[in-house]
Amino acid sequence: MAGFQSLPGFRDFYPEDFSRRQHIFSVWRQAASAFGFQEYDAPVLEPLELYQAKSGDEIEAQLFSFKDKGGREVSLRPEMTPSVCRMVGAKAGALKRPIKWFSVAEYYRYERAQKGRLRAFHQLNADIFGEPSPEAEIELIALLIQCLAGFGLTRDDFLIRLSDRDLWFFYLEALGFNEAQARALLVAIDRHEKMGDDAFKGYAEGHGALPAGSKDKILAFLKIKSLDQLEAALATFKSGKLAARLADWRKVLAGVSAMGLADFIAVDLAVVRGLAYYTGFVFEAYDRRGDLRALAGGGRYNDLVKKLGGPDLPAVGFAMGDVTTGLLLAQRGLTPNFISAPDIYAILGGKVERLVALADIHALRAAGFRVEYPFKDLAFGKQFKAAAESGAKLALIYGSEELTKGVVKIRDMAGRAQREVPRDQVVALVRDLLSGH
RNA sequence: GCGGCCAUAGCUCAGUUGGUUAGAGCACAAGAUUGUGAAUCUUGGGGUCGCGGGUUCGAGUCCCGUUGGUCGCCCCA
């Protein structure tokens, strides 16, 4: 097939694809709704500056940006966070706290596609604004777990790794690094899992070689996998801020455990996440068995609403993408098989019977039943076959014999039992038969 | 932005050292079958062999370019 193709990294959603996508969305929406989050949306196209204000040059190169006909520099949204920060910031005074919002929306990033990453994709975004305490983290982590568990995924399938940028900064400053050095080191720490010790090359170029003793300490801190280890590593430091931070850690882990979700979460200081605006806890959800990229990621960003021109409003949030989620569900055999089956298939004797049947068909449809019938005049045998293939529960038979008697035959497709019913009682009887189970 | 692999029907693929009019299975449609769902059989539609150029008497096949897909690197909000 020549002619037009979709753009690279963009997908056509044929009905089967669309039904899989809808399944993902409906699990997300159901979970978010159960947690009391309210759904919102924002413009797909935003001023370019909205993203420049938050992100660096590298990120800007990956924006779907252009100049509109009025000469404005604009960009398709690569993420929701700046938009939702603007929305919440603009009405922060009027919104009841805590503000718990979510969205399911499409995003656009000008990157090379690869496994689990496309140029157009959907994400669930869930955020809590106005709640500085770790209760917000507990709620969001629990929601994140439910957004995956809702598909039938279990503790054997995925894991949430919890870390803390605040603690990293505290630790790095205690080791004698200034803020710029600490930021560069966090980039290296983020890459260490993938690149090993080469991750520190970038730091060395900018800030000189890392002292061997410091590097060992950083590597040891990075390998921390439990709260006990974390407390032990920090035991030599005395600070009220640090004590408060560790108390927050205990609260988060206790809260998640109290929900029965302890097996879904692990302390893991190797996670720091790429961009710099996170201010405290950060977390990522990983496929436990496979080689997929992160399923979801999030964290606290207490400064961002203010940075974007709003009030000083603490925030935590996460995002989960449809592409990696879809891959994981397919790998685990958790993609439901959607059958688009009607309730009723009408079998029509001929041209006269067709016109009679149309009246009933429309009445049934208006009553909310899904009704199908053949557009062409077909032999009865073919129509019964079509009825069976459609997956309809009932067949309504409009033949000449029936109509001369003023009845319609109703066939239960599964049980193959037939009965006759007066035409004026068709809707009522169908309602009885189909509401049964 | 960089690199590996790939591209023949809606799908999965075959197609000989380059040789006449490019095939199969599945799927779809029609018929055998104008009052009851299976199976089978017959028939049919559907391809500018991703696109462009080159070599050659001759290219689906060889060469170059390009587009797209895929996997990885950079990055990952």
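Naming convention: chains lettered A, B, ... in sequence-line order (proteins, then strands); numbering from 1 in each chain.
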- Report yes if at least one side-chain N or O of A/Lys194 is closer than 4.0 Å to OP1 or OP2 of B/C73; otherwise report no. yes

- Closest to the A/Lys115 side chain: B/C71, B/G37, B/A77? B/C71

- Message: Side-chain N or O of A/Lys376 versus OP1/OP2 of B/A30: is the shortest distance under 4.0 Å?
- Response: yes

- Query: Who is the Watson-Crick or G-U wobble partner of B/G31, with both distances under 3.5 Å?
  - Reply: B/C41

- Rounded distance in Å between the C1' positions of B/U16 and B/G23: 14 Å

- Closest listed nucleotide, where the reference is the side chain of A/Arg191 and the choices are B/C75, B/G35, B/C71: B/C75

- Message: Once you apply a heavy-atom cut-off of 4.0 Å, does A/Gly299 come out as touching a base, just sugar-phosphate, or nothing?
- Response: nothing

- Ignoring the backbone of A/Ala388, work out which of B/A77, B/G37, B/U70 is nearest its side chain. B/G37

- At under 4.0 Å between heavy atoms, what does A/Glu284 touch on the DNA or RNA strands: base, sugar-phosphate, or nothing? nothing

- Answer whether the closest heavy-atom distance between the side chains of A/Met80 and A/Asp127 falls below 4.5 Å. no

- Spacing of the C1' atoms in B/U61 and B/U55 (rounded, Å): 13 Å

- Query: Who does B/G47 pair with, Watson-Crick or G-U, both distances under 3.5 Å?
  - Reply: none

- For A/Pro8, which contact category applies under a 4.0 Å heavy-atom criterion: base, sugar-phosphate, or nothing? sugar-phosphate

- Query: Does the cation-pi check pass for A/Arg161 over A/Tyr286, that is, NZ or CZ under 6.0 Å from the six-membered ring centre and within 45° of its axis?
  - Reply: yes

- Of the nucleotides B/G69, B/G35, B/C75, which one has an atom closest to the side chain of A/Ser400? B/G35

- Query: Does A/Glu402 make a side-chain donor-acceptor contact with the base of B/G35, cut-off 3.5 Å?
  - Reply: yes

- Note on the structure: Answer for the Watson-Crick or wobble partner of B/G18, both distances under 3.5 Å, is none

- Spacing of the P atoms in B/G58 and B/U21 (rounded, Å): 14 Å

- Item | Check ion pair A/Asp164-A/Arg245 (N to O, under 4.0 angstrom) | yes

- Spacing between A/Gln114 atom CD and B/C2 atom C1', to the nearest angstrom: 12 Å

- Message: Working note: A/Phe13 + A/Phe25, criterion ring-ring contact (aromatic ring centres under 6.0 Å, His included); need CA distance, chi angles, decisive distance, verdict.
- Response: CA-CA 14 Å; A/Phe13 289 91; A/Phe25 290 0; 8.4 Å; no

- Query: Quick one: does NZ or CZ of A/Arg119 land under 6.0 Å from the six-membered ring centre of A/Tyr110, within 45 degrees of the ring axis?
  - Reply: yes

- Message: Please check this pair: side chain of A/Arg77 against backbone of A/Glu106, looking for a donor-acceptor N/O pair closer than 3.5 Å.
- Response: yes

- Message: In whole Å, I'd like the distance from the CG atom of A/Asp198 to the P atom of B/C75.
- Response: 12 Å

- Report yes if a donor N or O on one partner sits less than 3.5 Å from an acceptor N or O on the other, where the partners are the side chain of A/Arg416 and the base of B/U36; otherwise report no. no

- A/Phe380 ring over B/G35 six-membered base ring, under 5.5 Å and 30°: yes

- Item | Pairwise C1' distance, B/A22 and B/G15 [rounded to whole Å] | 8 Å

- Item | Pairing nucleotide - B/C11, Watson-Crick or G-U, each distance under 3.5 Å | B/G25

- Item | d(CD, A/Gln62; C1', B/C74) in whole Å | 9 Å

- Message: Can you tell me which nucleotide in B/C75, B/A77, B/G37 comes closest to the side chain of A/Lys385?
- Response: B/G37

- Task: Grab the CG-P distance between A/Leu378 and B/U33 for me, whole Å please.
- Result: 16 Å

- Message: Only pairs with both distances under 3.5 Å count, Watson-Crick or wobble alike; so what is the partner of B/C62 in this structure?
- Response: B/G54

- Would you mind telling me which of B/G3, B/A77, B/C76 lies closest to the side-chain atoms of A/Arg112? B/G3

- Query: Is it true that a side-chain atom of A/Ser435 and a backbone atom of A/Arg431 form a donor plus acceptor pair closer than 3.5 Å?
  - Reply: yes

- Message: Less than 6.0 angstrom separating the ring centers of A/Phe129 and A/Tyr40, yes or no?
- Response: no

- When you get a sec, tell me which of B/U67, B/C73, B/G31 is the closest nucleotide to the side chain of A/Gln5? B/U67

- Just checking A/Glu389: base, sugar-phosphate only, or nothing, at a heavy-atom cut-off of under 4.0 Å? nothing

- Query: What integer number of Å spans the P atoms of B/A39 and B/C28?
  - Reply: 12 Å

- Complement of B/C2, any strand, by Watson-Crick or G-U distances under 3.5 angstrom: B/G72

- Message: Please compare A/Gly381 and A/Leu118 by the position of their nearest nucleotide in RNA chain B and report the one closer to 5'.
- Response: A/Gly381

- Task: Output the single nucleotide from B/U34, B/G35, B/A77 whose closest atom is nearest the side chain of A/Ala379.
- Result: B/U34

- Query: On a whole-Å scale, what distance lies between the P atoms belonging to B/A29 and B/A38?
  - Reply: 13 Å

- Hey, does A/Gln383 reach any base, or is it just sugar-phosphate, or nothing, if we go heavy atoms under 4.0 Å? nothing

- Query: What distance, rounded to whole Å, do you find between the two C1' atoms, one in B/G60 and one in B/U48?
  - Reply: 13 Å

- Message: If you count every heavy atom of other residues, nucleotides or ligands that lies below 6.0 Å from A/Glu193 atom CD, does the total exceed 12?
- Response: no

- Task: Measure from CZ on A/Phe384 to P on B/G37 and round the result to the nearest Å.
- Result: 8 Å

- Task: Under 4.0 Å between any heavy atoms, over every strand shown, what does A/Ile397 touch: base, sugar-phosphate, or nothing? Just pick one.
- Result: base

- Message: On the nucleotide B/C76, are OP1 or OP2 found under 4.0 Å from the side-chain N or O atoms that A/Arg293 carries?
- Response: no

- Message: Partner lookup for B/U36, please. Criteria are Watson-Crick or G-U wobble with both distances under 3.5 angstrom; report none if nothing qualifies.
- Response: none

- Taking the same atom, C1', in B/A14 and in B/G25, what whole-Å distance lies between them? 11 Å

- Message: For a quick check of understanding: with a heavy-atom distance under 4.0 Å over all strands, which category does A/Met80 fall into, base, sugar-phosphate or nothing?
- Response: nothing

- Message: Taking atom types as they are modelled, would you say the side chain of A/Arg109 forms a donor-acceptor pair with the base of B/A77 within the 3.5 Å cutoff?
- Response: yes

